[in-house]
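Below, read A as the first sequence line, B as the second, and so on, with proteins coming before strands; counting in each chain starts at 1. Note that the structure is a prediction, hence the values are computed from the model and not measured.
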Protein chains: 2
Amino acid sequence: MARKRTKPGKIRLTEVAKLAGVSPITASRFFRTPEALSINKRVRVESAAKELGYVPNLAARALASQRTEVIGVLIPSLTNNVFSDVLRGIYDAVDGSRYTIQLANTRYSILQEEKLLRVFLAQKPAGLIVTGIDQTPESRSLMEATDCPIVQLMEIGNNPVDMMIGFSHADACHAAISHLLDQGCRRIGFLGARMDPRVQRRFLGYQQTMKEAGLADPRLVVTTPLPTSVTLGGTLFADLLAKAPDTDAVFCANDDLALGVLFECRRRQISVPEQMLISGFNDLEFMASAVPTLTSVRTNRYEMGRTAATMVIDAMDGRRPEQRVVDLGYTVMVRQSTLRPGRSGRVAVERQSAAE
Amino acid sequence: MARKRTKPGKIRLTEVAKLAGVSPITASRFFRTPEALSINKRVRVESAAKELGYVPNLAARALASQRTEVIGVLIPSLTNNVFSDVLRGIYDAVDGSRYTIQLANTRYSILQEEKLLRVFLAQKPAGLIVTGIDQTPESRSLMEATDCPIVQLMEIGNNPVDMMIGFSHADACHAAISHLLDQGCRRIGFLGARMDPRVQRRFLGYQQTMKEAGLADPRLVVTTPLPTSVTLGGTLFADLLAKAPDTDAVFCANDDLALGVLFECRRRQISVPEQMLISGFNDLEFMASAVPTLTSVRTNRYEMGRTAATMVIDAMDGRRPEQRVVDLGYTVMVRQSTLRPGRSGRVAVERQSAAE
DNA sequence: CGACCGTTTGGTAGCGCTGTCAATAGTTCT
DNA sequence: AGAACTATTGACAGCGCTACCAAACGGTCG
């Protein structure tokens, strides 16, 4: 006796096909390769589907076709503004396409990342977006063994697993420090929190620039593995002043820290930029609004997410990009906080772009 | 002739069962209701699965069982800090469980929300988390017709679709305004951006409190449908001062606006709190770090997300909560920006909790 | 006019797993 | 000891869709 597992009211592809007067497989094709149908049938299936309010069963599709339409996204943090901008770009790009995002949070742990990667790959994602270039060797092998398109995000480097989009953190930081040097600063401090790979590369950019200028001094560097915050910016700055009271400028590895430094200066009656220059990194919205306005390095986060998702989707549809590594560049947004009064400051924006 | 669609190396449940010396269905049960197996078989299946590196095929499971292990989450914004905190709570709660998050962004549109809801429901999610209580009537019907657990987030009200967790925005705002009145303020401005339902309820709380005090004045209210930003806070504050130059305090519907007001005060040499009191809403991290420190209303966003996800998971596992509506309350964090010098300010935190 | 070829359509047989129900083994009770 | 249960296990038949192959169709060309 036939079991009744199927609810009678349920609309399956068969029902649509019946109403349209075609075979189920033809109806199926309408949803995947409509251009393969004659106009006649195409219209018939379309109206039948609409009339019945048909919605494809994704699980059945995935099972039958042995693939999903899911793009896995691995990011280190859900809270950090940087990633929420990237995410927004990704979701915007995917919106309207037939693909779906599966998001997971690595919490800045490459072991956690590897674990999540295994989970994702087991479900045969259509594509993958991962953050950074510092995966575990196992993660790397897993990704290389996979045939779905993969984009590495936030950085650039010379051996992408597949595709890559980002910018050089070291170069961006170099540009910011050079600007401070141009302003006549000699004792430029570095403040960094969390010290994830990207912050570390910014630090390398700082260190190299200072070394080249003959100004490197370990007392000028204050970092912590703690997650970033505005409050922490104030604390780190206090530490910096304790170690190097003659500091004349601070480069903060992100904008939260910079805001914290600004507040701490105010608390200590240190005038900015007269006595202390401040630069941040990322150019969050508030930097342009602070008093004084705060210099920062603008990165194209939304664009990065959007382009990454577009690259993945294009690759899945067989349109491989001409260049596998996309450098989105950065822009040093020079503002009041790093313009020494009396100096001939280039108030204009200093642009550093992909092509260099 | 049998077609070869299955790759030879692939590990299916059948392979695991064979190695363990049990039937496939028994192996299947191991992954769903291990307690139903005898210790003997449980161990055999477990080691067989591990040896083969078996990973269940979720699509097949979903198709066969007619349900998924996906929790759909609908939030209005990916950028807003408020939601990233909530999201983090949700992801943390789901982490380790067998459930998966499917996230979608309504962009503050209830029509978009309805559309996404249809997509989600068509895939038979195990549970649903939606933002707010202002769905379209169609959305409401769709949700009521569904039998999966649903949590409405960010607000409380008296007719939940299913479950609800949040706090009263009007009450929270009332508490903040009352505090300003206590400080002797009479011309308290209201600044609001985006004006989504939650901000509107905060506005109602403001309006009612002012009316009760006999201090309501439309000139004290400046709102805009534009998305919020620090810069916008400055702009709205400028508008407010133009309309009501005698304003002695500002309540900002969120903290970004409050920070913008602080900067604008600095720009205009208005001293805080001597000449102007400022209160924000949400209590983002930077509020406690600003100079002067800024008063705000703390809401338990992370907890909200975490508890919402836990409630959904518990309900799916058959553990319905004793109370369907959970009020997480709020706390007015009184700081320097709203303490009139010379006034006997209650510097301590004023707590308003669920039980009231 | 029939061979030939590209386009469109349909039939068949699963994809890998689980719901349902029946069967078997193991206990307890009268 | 046999009945009456309960705890385990297994057989079977799909879930709704699509890959693969074959057939039908329509037109071209020598």
Could you check if a side-chain atom of A:Asp162 sits within less than 4.5 angstrom of a side-chain atom of A:Gln152, using non-hydrogen atoms only?
no
State plainly whether the residues B:Asp95 and A:Arg107 are in salt-bridge range, i.e. N to O under 4.0 Å.
yes
Can you tell me the distance, in whole Å, between the CD atom of A:Gln123 and the P atom of C:dC15?
18 Å
Whether B:Ser28 contacts C:dC17 is assessed here as follows: a side-chain N or O lying under 4.0 Å from the phosphate OP1 or OP2. Is that the case?
no
A quick test of your reading: do over 12 heavy atoms of other residues, nucleotides or ligands sit less than 6.0 Å from CZ of A:Arg67?
no
Does C:dG14 have its OP1 or OP2 closer than 4.0 Å to a side-chain nitrogen or oxygen of A:Gln66?
no
A:Thr106 side chain to A:Gln112 side chain, donor-acceptor N/O pair below 3.5 angstrom
no
Check ion pair B:Arg42-B:Glu46 (N to O, under 4.0 angstrom):
no
Set out, line by line, the N/O atom pairs under 3.5 Å between protein and nucleotides 25-27 of chain D.
none

Is there any protein nitrogen or oxygen under 3.5 Å from a nitrogen or oxygen in nucleotides 5-11 of chain D, and what are the pairs?
residue : atom : partner : partner atom : Å
D:dT9   : OP1  : B:Ser38 : OG           : 2.7
D:dT9   : OP2  : B:Ser38 : N            : 3.1
D:dG10  : OP2  : B:Ser23 : N            : 3.1
D:dG10  : OP2  : B:Ser23 : OG           : 3.0
D:dG10  : OP2  : B:Thr26 : OG1          : 2.6
D:dG10  : O5'  : B:Ser23 : OG           : 3.4
D:dG10  : N7   : B:Arg29 : NH2          : 2.7

Which nucleotide in the list D:dC17, D:dA19, C:dT18 gets nearest to the side chain of B:Ala64?
C:dT18
Salt bridge check, A:Arg306 against A:Glu303: does any charged N sit closer than 4.0 Å to a carboxylate O?
no
Here the distance between atom P of D:dT18 and atom CZ of A:Phe30, to the nearest Å, is 13 Å
Sub-4.5 Å side-chain heavy-atom contact between A:Met316 and A:Ile71
yes
Measure CG/A:Asn57 against P/D:dG16 and give the value in whole Å, please.
7 Å
Heavy-atom count check: over 12 atoms from other residues, nucleotides or ligands less than 6.0 Å from B:Asn158 CG?
no
Protein-nucleotide distance (A:Leu13, atom CG; D:dA19, atom P), rounded to Å:
12 Å
From CG of B:Leu63 over to C1' of D:dG14, roughly how many Å is that when rounded to an integer?
9 Å
Without decimals, in angstroms, what is the distance between A:Arg44 CZ and C:dT9 P?
9 Å
Please work out if A:Phe31 contacts a base, only the sugar-phosphate, or nothing of the nucleic acid, heavy-atom cut-off 4.0 Å.
nothing
Between C1' on D:dG16 and NZ on A:Lys18, what's the gap in Å once rounded to a whole number?
14 Å
Any side-chain donor near an acceptor of the partner, A:Arg61 and A:Asn57, under 3.5 Å:
no
To the nearest angstrom, how far is A:Leu58 atom CG from D:dC17 atom P?
10 Å
N or O in side chain of B:Arg32 less than 4.0 angstrom from C:dG19 OP1/OP2
yes
